[in-house]
Amino acid sequence: MILQVKDLEVYYGSIRALQGISFYVDKGEIVTLIGANGAGKSTTLRTISGLLIPRQGEIYFQGQKINRTPAHQIVRMGISHVPEGRQIFPNLTVMENLLMGAYTRRNRSEVQESLEEVLNRFPRLRERAKQLAGTLSGGEQQMLAMGRGLMSKPTLLVLDEPSMGLSPLLVEEIFEIIKNINQQGTTVLLVEQNAYMALQIAHRAYVLETGRIVLSGTSAEVQANPQIRSAYLGEVEEGA
Amino acid sequence: GGQGKTETQGASGEKVIKIGFIAPLTGDVKTFGESAQKGFDLALEQAGYKAGDFKIEPVKADDRNDATEAVNVATKLITQDGVKAIVGSLTSLTTIPISKFANDNKVVLITGTATSPKVTVDEGKRKEYIFRACFIDPTQGTVAAKFALEELKLKTAAILYDQGNDYTIGLANNFKEAFTAGGGQVLTMEAYAKNDTDFSAVLTNIAKKNPDILYLPDYYQKVSLIGKQARDKGIKAVFIGGDGWDSSDLDYKTMEGGYFTNHYSAQDPRPEVQNWVKQFKEKYGQEPDAFATLTYDATNLLLNAIKTANSDDPAKIKEALQNTKDFSIVSGEKVSFDENGNPIKPVTILKIEGGKQKFVTAIKPN
Amino acid sequence: MEHFLEQVLNGLQLGLMYALIALGYTMVYGVVQLINFAHGDVFMVGAFLGYFGFAVWGLPLPVAILTAMVACALLGVIIERVAYRPLRYAPKIAALISAIGVSLFLEYFSSLKFVFGPNYRVVPRPFPEVHWNIAGLSVSNIQVIVFVVVLFMLILLQILIYRTKTGMAMRTVAVDHNAARLMGVNVDTTISITFAIGSAFAALGGVLYAIAYPQIHPFMGIMPGLKAFTAAVLGGIGIIPGAVLGALIMGQVETLTSAYISSQMRDAIAFAILILVLLFRPTGLLGRTETEKV
Amino acid sequence: MKLSRNTFFYFAGAVFFFALVKAMQFSGMLTPYWQLVLDQALIIVIGALGLSIIYGFTGQFSLGHAAFYGLGAYTAGALDKVYGNGNMLFFFLSLLTGAAVAGLVALLIGLPILRLRSDYLGIATLGFGIIVRVGMENGNKLFPVLGGATGMSGTPQVAHFDLIFILTLIVILLVRNFIFSTYGRACTSIREDEIAADVMGIDTTRYKVMAFVLGCALAGLAGGIYAHRYPFLHPASFDFLKSFDFLLIVVLGGLGSMTGTIVTAVGWVFLLEVLRVVLGQNFIDWRGVIYALILVVSIIVRPQGLFSGKELRLLIPDHLKMLTGKEHTHAGSGN
Amino acid sequence: MPVLEISNLAKTFGGLKAVNNFSLSLDEGEIVGLIGPNGAGKTTVFNLITGLYKPTAGTIHFCEEDITGLPPFKISQRGIARTFQNIRLFKGNTVLDNVRAVFHPRIKYNFFDALLRTPRYNAEEAKVTREALELLEALNLAHRANEKAANLAYGDQRRLEIARALATHPKLLLLDEPAAGMNPAEVKRMVELVRYIKERFKLTILLIEHQMGMVMNLCERLVVMDFGQIIATGTPLEIRNNPVVLEAYLGKGATVA
Ligand SMILES: Nc1ncnc2c1ncn2[C@@H]1O[C@H](COP(=O)(O)OP(=O)(O)OP(=O)(O)O)[C@@H](O)[C@H]1O
Ligand SMILES: Nc1ncnc2c1ncn2[C@@H]1O[C@H](COP(=O)(O)OP(=O)(O)OP(=O)(O)O)[C@@H](O)[C@H]1O
Ligand SMILES: [Mg+2]
Ligand SMILES: [Mg+2]
């Protein structure tokens, strides 16, 4: 178990966004969290990466308790979180953004290696290396965010809706990349609206509803669940 | 505010008169206000907090050198604390509005240092309850011009003044008028703003004109800065200024050789002067400046009037003040008031020499 | 002509003085997007500490300056901790109000008797002033020192911000704290460093200012602070070379206006020019004119 | 036009307050000093409401408000001094002229500079304030009556509580009516997102300028009243540091809240005077220190301001109340 | 008669030709999909139509009238409304006021009516409020009318943006990725919604969307852009089988619901 979350409760002011959720991620897995808008997926990820402090519950990463560790230290421990809405640095160039991803790494040649790797994965970014990131289109920004996330060579890559706003071709590509990254040994925790695709590449899935986990299992099991098919995959016609 | 209140309610049944004191005790000219306060305190202390049959109870207030606050504070002192007379405030900016209020409410007000003619006379009408211990703006400018022309025999002048301060504007304008009338030539008149620290542009212009005199009618801290930069620019002119120079914080080294008009000279052997300087030094460990001296004089003039009237009726105190005859204060022997509430006293001219103020002459203004 | 050149030199000196303050101002703004109105007052505290250092306690000048810089760096960090950090995620204007409060606090507190006191103090020259005559123009050693220091600060800041990791961290913090955190940046530390450097530079500026214009008092920071900030805006706020450019222009405008148009109108004309420049370049001379990407 | 229910209660409240003040005056509880402070507070309320429109509701950062306050003061003061004779008609005419002049100047300067954004706009307005101050210092060269740097005295002191109170009531009502109209909504949408407002059909330039002109005219009106209540006008009373006073009132009150602006304006004026009384003579030099501390602490405790975006029920139009709970929200934190 | 007629539109940023030689004509009542890879220039086209960007070349006619270079608010008043790729609501204002604000150009009382609360003001305010509430009702947001827009859930915010756009009484509605970040079930509901509003408000719609489920279901005609230029147009069926589009945009395994 590389990541374990126990009875997590998180509040925004007085709003209880997470109502006690527990789940785990094993080494080498892709685990996906799916759920409607506002279910608490992003909140879960933000709590894991230390941006939010839980009121209740525990988070263990590689056996270490991290629910009170500040975000900048969690990065060093090996969790890289690619946030929802990209959050790239618009006033930095594409290259600088990528280098920021390796902010915690000291070994220059290794960083250079990762950079090459990322630029090969996203040739578009190489073309735009000197452009200010703020003027990239939506999809380009998403690629940049992913690339930046990979630059820290994480043990656990946490992805929040990486396919949002991307063209179908790129969505496919992104999922390819995720699979690829995973095959090369990085564990992935993936939040996706695009439940089809997510379930296709994930080993296991959890379904979140208003701050609770309502279903879990292997991807196949979850995908087979009729309620899930209607609520998240839109396959059964509902009453208008 | 409360000091002394308990005493007044004591069994003695003494008669009490409250005197207000208004000055900038906070803000950027707090240092002036504190000097004035020292003068006020020392005067009361020397009088044993008594004038005639009356015990003096001072009520102090801060106006932050702000016209609005000054009016608020004067209203408080007059309508709430029941003061019968006020010493203050320091600058014309605050004293003009409170003098109107005091006069309307028939409370005596005497300012140590507010020089604008508008303090005592406005729109051609004399505010009967208002007096001052200093010269009005025209006096010093005129005397300085006369002195420069007749005694120093200097013929050309440049003037540099603060465009936002009516004290310096008043002196500058009157110096110019008198100097020109007396046959001198004002080569240039330049202004700066209150918070300026760099005067190099205008000083460069002045240096080119090479005047005999650089007239600097501002307070000590500003003229020190200007003087320094003027010398750096190679200006050889004699510096001349007004009572604003009178402070131990003046940069004596820079201002060496300059002359300024003042109310008195610390070397004047008169006991009033010597006592004042000595006691001030003893009590506060420093030399008194113009703010302290004039406020001290103003307070003493007021105390004398209360004693003479022996009444706490402001109308009577006002009468007594107006009729002050040959009263000796630090800034003048045998002082009386003219019909506008301005003291009739000679202007002293001092020279900065060897890092000290040196008495040169005293001139009676006409 | 020589006269004109002399005025230009006067303007240069004034401009460099503004640049001295504007650099720190603009750097802090660049990172935290806060008009730190207290900057001018930290500058004042620096001037006082420097003065006490070399004129009262008799420290050698470099030691006095260093002491002032370290003390002000600390002061800057404390101000940020106490007055700005609690407001970090509040609307920007809240921190601005806090900054006005801190500015007033430093002014009024400093003018208390047991602190610096309200007096205007004359600052003695810590070293003799030397004038050189170069092509008919008089140049003083103080002017040269100020020039060198501004240049040094400018280069140092450029290197710091664009060539170091800390600088990159600052630039990310400038945009988005959470995203910066996710990169492993310690946001609190980065902001503290920013304030420390900005305030240390303010102190350095303060001491030099007090040597050039040898008089200090608790309210001395207001006007230079305001002018320096204006200069920073003129050059494009948050942009380091912009601060110097803006400051030099302000210096020239003020000086040449005083010299050739009217000394009464100086501030009016200086600010009128500022407004005019902004109308044509709404984000300052070197500011990026960004069309917001919709 | 029928009086709506809450307008009725608004006036009822006003009458009650007025009666209270009169009773306190009569019984001597309200000394002329506190009366003056109250009058000053009302004057500041009017001026601050002006900035509230400009910044609180329309989001245009202005650091030059005191300049317009001064323009109104000088215009109204000089007019009444020269042409008036203590006559009420002239008093009102001069007030209106003062407001109009401030508004007109705002129009001329606002048209070009309101294109600027946030801090750039702030510094431009601040600069304009300094230009106005230089103008005041040299105004006597054109019109000797203005007195220039030596200040202007002799303005007729005809404003008193009754008049100021009625004017304040009217201003509050008019500002309320403005805010809760389509014009007010146009303004708040500009504050929230100028680009979206533009794309949704709102002429942003026009309403930014309108808000600026209105707000500055109110500052001018307040200035005019000041000139008739305080006997001396001096450029120093209207310099840029005074603009900060208006700004902090509006922010501490809570952006986008008239109620907040009104309460804080009154509170601010009284705070300064109460501190004077509380500290007594011996600690008077702590006044500035404590004032500064109160400022910092209050903004830290309530960064969104006292009433951010909330209004007293009294100020909300009836037809909106039916939709709402106790408090109506019509604005955000507007950062 | 075409509602919108764009000819040879171009926009460059520095050296980048974001839109180039772009021509498009929309007939009344059409729903046309504008698709293409990220960075193709789709949003830029919207920005050009709505006046946020001034075109480098080309003209835009709306209902026969040349609107090229008009300021955004005037274009809106002519009858073009839009939503934004990154939601841009009046966040601090209430849901109701988000909608009411944009009634502004059509309000029939003047400044003095407002200041004096004349009967005209009262009547008109009541009317505007009623209409706004009806719109919110139609988009299933009426129950949140007095909530701050910022407090709405993401999906509600998307719908509020549509409600606000409708409140300008547009003839032409430009939707920029309305279903972004929604799961397939939610996308389906969005499709229903767009159909519904198109009928009810008699709209012509230009739709940018990457979710093929939405585009293929809704649109009669698709325009595909790449590198600022149109690379293909046609019915969904044609586009789905267009090799160029497959290559540039859809990808081989195009999943279409
Ligand atoms: N900063 C915040 N302040 C207050 N409430 C918030 C904040 N962020 C999220 N919430 C609330 O917390 C709940 C969970 O939000 P979260 O962003 O985690 O949802 P999500 O599952 O990621 O949805 P989406 O698919 O829209 O990204 C929602 O009800 C949301 O409104
Ligand atoms: N304001 C701007 N300044 C500079 N470049 C810009 C600007 N706006 C857009 N661009 C560039 O124009 C190109 C087209 O951008 P646009 O946003 O129109 O793409 P898009 O087709 O909407 O993409 P997506 O589907 O990802 O939203 C991009 O390469 C982008 O970098
Ligand atoms: Mg999310
Ligand atoms: Mg787009």
Side-chain angles (χ1 to χ4, degrees), chain A residues 12-13 42 45-46 48-52 69-93 95-106 108 111 132-138 140-141 144-145 148-149 151-154 157-160, chain C residues 26-27 29-33 81 85-86 88-91 157-194 236-242 283-284 286-294:
Chain A
Y12 290 107
S42 301
L45 300 195
R46 281 188 216 127
I48 292 171
S49 61
L51 294 177
L52 295 172
T69 314
H72 62 269
Q73 281 174 19
I74 288 181
V75 183
R76 281 163 217 267
M77 297 172 74
I79 299 182
S80 178
H81 177 177
V82 178
E84 186 178 30
R86 296 146 200 169
Q87 305 197 359
I88 45 97
F89 302 113
N91 59 340
L92 268 57
T93 62
M95 185 60 75
E96 286 174 323
N97 265 279
L98 290 175
L99 290 176
M100 256 333 273
Y103 183 79
T104 53
R105 297 174 64 188
R106 305 227 170 264
R108 287 210 181 181
V111 170
L132 287 185
T135 60
L136 294 180
S137 79
E140 293 160 347
Q141 292 186 4
L144 180 57
R148 192 183 61 180
M151 286 293 294
S152 69
K153 251 195 176 295
L157 183 63
V158 174
L159 298 172
D160 198 349
Chain C
T26 217
M27 182 193 78
Y29 186 96
V31 176
V32 291
Q33 272 80 48
R81 275 274 152 91
R85 190 173 295 181
R88 197 175 284 166
Y89 301 104
L157 280 181
Q158 282 295 82
I159 291 175
L160 172 78
I161 290 176
Y162 290 101
R163 296 270 181 277
T164 67
K165 251 181 148 173
T166 311
M168 266 226 302
M170 283 173 171
R171 284 189 292 153
T172 60
V173 168
V175 179
D176 186 332
H177 289 180
N178 275 342
R181 281 200 181 98
L182 292 180
M183 302 298 108
V185 174
N186 187 338
V187 172
D188 288 340
T189 311
T190 307
I191 290 179
S192 290
I193 292 174
T194 307
I237 182 155
I239 296 160
I240 304 291
T283 48
L286 300 187
R288 271 187 295 274
T289 33
E290 21 190 86
T291 35
E292 197 176 341
K293 187 166 187 314
V294 180

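Below, chain A is the first sequence line, B the second, and so on; all start at residue 1.
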Residue list, side-chain contact (heavy atoms from CB on, under 4.5 Å) with A:T69, at least two apart or on another chain: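 So A:T69 forms a side-chain contact (heavy atoms from CB on, under 4.5 Å) with A:I66, A:Q73, A:I74, A:M77.
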
Residues which pass side-chain contact (heavy atoms from CB on, under 4.5 Å) with A:P154, listed by chain and number, not counting sequence neighbours: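 Once residues adjacent in sequence are excluded, the partners of A:P154 under the side-chain contact (heavy atoms from CB on, under 4.5 Å) criterion are A:S80, A:S152, A:L157, A:T186.
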
Structural part of A:L52 lying under 4.5 Å from a heavy atom of chain C: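 Answer is neither: A:L52 stays 4.5 Å or more from chain C.
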
Portion of A:A102 that has a non-hydrogen atom of chain C nearer than 4.5 angstrom: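 Backbone of A:A102 only, per the 4.5 Å heavy-atom cut-off to chain C.
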
C:V185 side chain reached by A:H72 side chain, heavy atoms, under 4.5 Å: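 In short, these two side chains do not touch, never coming nearer than 4.5 Å.
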
4.5 Å side-chain heavy-atom contact, C:I239 and C:T26: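 The answer is no; the side chains never approach within 4.5 Å.
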
Spacing of CD1 belonging to A:I88 relative to CE belonging to A:M100, to within rounding of 0.5 Å: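 Answer for the CD1-CE pair, A:I88 versus A:M100, is 13.0 Å.
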
Top contributor to chain C contacts, counting heavy-atom pairs under 4.5 Å, from A:R46, A:E96, A:M151: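 Option with the greatest count: A:E96.
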
A:E84 side chain vs A:D160 backbone, donor-acceptor pair below 3.5 Å: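 No, because the side chain of A:E84 does not come within donor-acceptor range (under 3.5 Å) of the backbone of A:D160.
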
Residues of residues 173-181 of chain C near chain A, each having a heavy atom less than 4.5 Å away: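 Within residues 173-181 of chain C, the residues that come under 4.5 Å of chain A (heavy atoms only) are C:V175, C:D176, C:N178, C:A179, C:A180, C:R181.
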
For C:T194, all residues meeting side chain to side chain donor-acceptor pair (under 3.5 Å), sequence neighbours excluded: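 C:T194 satisfies side chain to side chain donor-acceptor pair (under 3.5 Å) with no other residue.
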
